[in-house]
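FYI, side chains are in, hydrogens and waters are out, and symmetry mates aren't considered; it's all heavy atoms of this structure. Below, read A as the first sequence line, B as the second, and so on, with proteins coming before strands; counting in each chain starts at 1.
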Amino acid sequence: MRFSRAFFPTLKEAPSEAEVISHNLMVRSGMIRRVAAGVYSLLPLGLRVQRKVEQICREELARAGAQEVFLPTLNPAELWQRTGRWDVYGKELIRLQDRHGRDFCLGPTHEEIVTDLVAREVRSYRDLPQNLYQIQTKFRDEIRPRFGVMRGREFTMKDGYSFDRDEHAAEESYAQMVEAYKRIFQRCGLSFTVVVADSGAIGGSFSHEFMVMADTGEEGINVCESCGYSANSEKTPVNISLPETPGATLEKVHTPGVHTVDEVYTFLKLPAEQVTKTLLFTADGSPVASVIPGHRELNEVKLKNVLDATELFLADAPTVEKLSGAAVGFAGPIGLEGVRIIADDCLEGRGGLVVGANETDHHYTGAEEGRDFEASAFADLTVAEEGDACPDCRKPLTVRRGIEVGHVFKLGTKYSETLEATYQDEDGGTKTIFMGCYGIGIGRTVAAAIEQNHDKDGIVWPMPIAPFQVDIIQANMTDAKCREESDKLYAALQSSAVEVVLDDRDERAGVKFKDADLIGFPYKVIIGPKGLKEGQLELKSRRTGETEFIPLENAAGIISARITEEIETAGSS
RNA sequence: CGGGGCGUGGCGCAGUCUGGUAGCGCACCUGCUUUGGGAGCAGGAUGUCGGAGGUUCAAAUCCUCUCGCCCCGACCA
């Protein structure tokens, strides 16, 4: 590509929309442009990088035996109604109607479509296993799109699905996909961690997330430095040990205008651990109260799992007032009628607690579980925090931030049952197919790669996903020899299949250097009068900043050998 | 959906409070000079001031409505 003819609209100034570095650099380097909130156009440079990530996925998935398909974006409502997700998915699902008024949605994921497809075609155990994937545009009407392509409403995803005879075989497929994913992210030049995750709305019995460590990540990860345990903070089991409190008597105290836990313990001059908070929810239509220690955060995912609820909403103010008979801020478990109470494990039989009194401006002190109120169930309900004990080795956990770039789920028979994906086994009996599903956010992987590979001047692409491998900089546009040698090298590199840009713009060298660094070409070749006098050109590495002088003869051979070697190293390390 | 903020040339912004000639930097075009880390000089082009309605002799500026975008939150009782 000749830079003078290329559509590489770089920007000197940071666009006001960009909040995180990857977003900023993707816009500045001319990879993307915003069309609407969470909706982006990919420009040539952005598309080239995305295609490389896609290609790496294709190669590794092929190696793992998966086959590529292409499923429709436009999904009929009927399939989604059969699995119940037409209702469960909520506002995130973009719905529309055709001219006849039939309901459709734009696929946010494709379990329904692919399971239905397999259900129709697979008859016998001889047809299994199957592993199908696609790379396709997904639509999720995110509550708050942000950070450029990191959380968009329309985005490219690699989603794959495995179909096996039984649980054991499904676990083998799962393990194979985990290995494929590791290779994919490694080849993309990412430093990542695999963590235990919650399976969320997609459902299933267990799952792992592939997290790229970055401070701008939206996910909290618990890591144990000593035994290597790592999990999404939503998933990490927590065992809170509360200090012993001697038996106290129940006493109602006047706490005017004291709503929050912080206000309560400050007002009462008691340790935060003694204060509890009671949060009221609506779970699948019935009221539920969760009671946890005040200094902790409720983990809504855990609560939802304990309740086995499909829909869990925090009660709004009018509901809280109706249930507790008090203003918001004074709900408590004592005398709460008609509400299921779920308390954190650590509160079982515990005394000396401060709880809301279900009366505006009042709390109880000295409350005791089992004596003054009774929880209908106990569970681990809180979010793991820095310093909590590792569930495996009991050493303190560290909290880190990560970007979720991949997620694998063991689905079991959740979709195959409702969509009747069955097969006839050797013994002649009808059995349900065991499924797994596997996703990679392609655009998010690109953004994550930038988060991990940049400096003050711009992007520093890992060789395997760089949009181009080499940028030839003609350092002096008036020098005929310089132009001639640049053209020669450009042609030579092209015939060696090197992805090369020739910066032949009528600009000063400084402008070309700045753009090259911003876009992040792994190598710059500088051809100027200085080196040419010696019969040399300069090869400068973006990553190390080191410059080598190489002879003009066979420069293309040297450069292309270098690039090949770097790509192979990334694939095998 | 709640709170906050912003919509002015391609990009980044000033001007709005206190109504009266639309302005700056970068980018862009022309010419000359310059040519190894975002050049200099000279000249030039580019605006329905997000949209609609209203107030006024007069609206980017005041009022009403509306659309879009960004940030925080959307659970911490």
* Asked: How would you label the contact of Ser16(A) with the nucleic acid (heavy atoms, under 4.0 Å): base, sugar-phosphate, or nothing?
  -> sugar-phosphate
* Looking across every strand, which nucleic acid part, if any, lies under 4.0 Å from Ile473(A) by heavy atom: base, sugar-phosphate, or nothing? -> nothing
* Would you state whether a donor and an acceptor, one from the side chain of Lys540(A) and one from the base of G37(B), lie under 3.5 Å apart? => yes
* In the strands shown, is G23(B) matched to any nucleotide by a Watson-Crick or G-U wobble pair with both distances under 3.5 Å, and which? -> C13(B)
* For the base of C76(B), is there a side-chain donor-acceptor partner from Lys277(A) under 3.5 Å away? -> yes
* Across the strands shown, which category fits Gly531(A) at heavy-atom distances under 4.0 angstrom: base, sugar-phosphate, nothing? -> base
* For the base of G38(B), is there a side-chain donor-acceptor partner from Glu507(A) under 3.5 Å away? -> no
* Asked: Centres of the Phe267(A) and His254(A) rings: under 6.0 Å?
  -> no
* Asked: Would you say the side-chain atoms of His454(A) pair up with the backbone N or O of Glu451(A), donor to acceptor, closer than 3.5 Å?
  -> yes
* **Donor + acceptor pair across side chains of Ser541(A), Glu546(A) (<3.5 Å)** => no
* To do: Check every atom of C71(B), G25(B), G37(B) against the side chain of Phe513(A) and return the nucleotide holding the closest atom.
  => G37(B)
* Classify the nucleic acid contact of Gly356(A) as base, sugar-phosphate or nothing, counting any heavy atom under 4.0 Å across all strands shown. => nothing
* Asked: Once you round to the nearest 0.5 Å, how far does CE of Met26(A) lie from CD1 of Ile459(A)?
  -> 7.5 Å
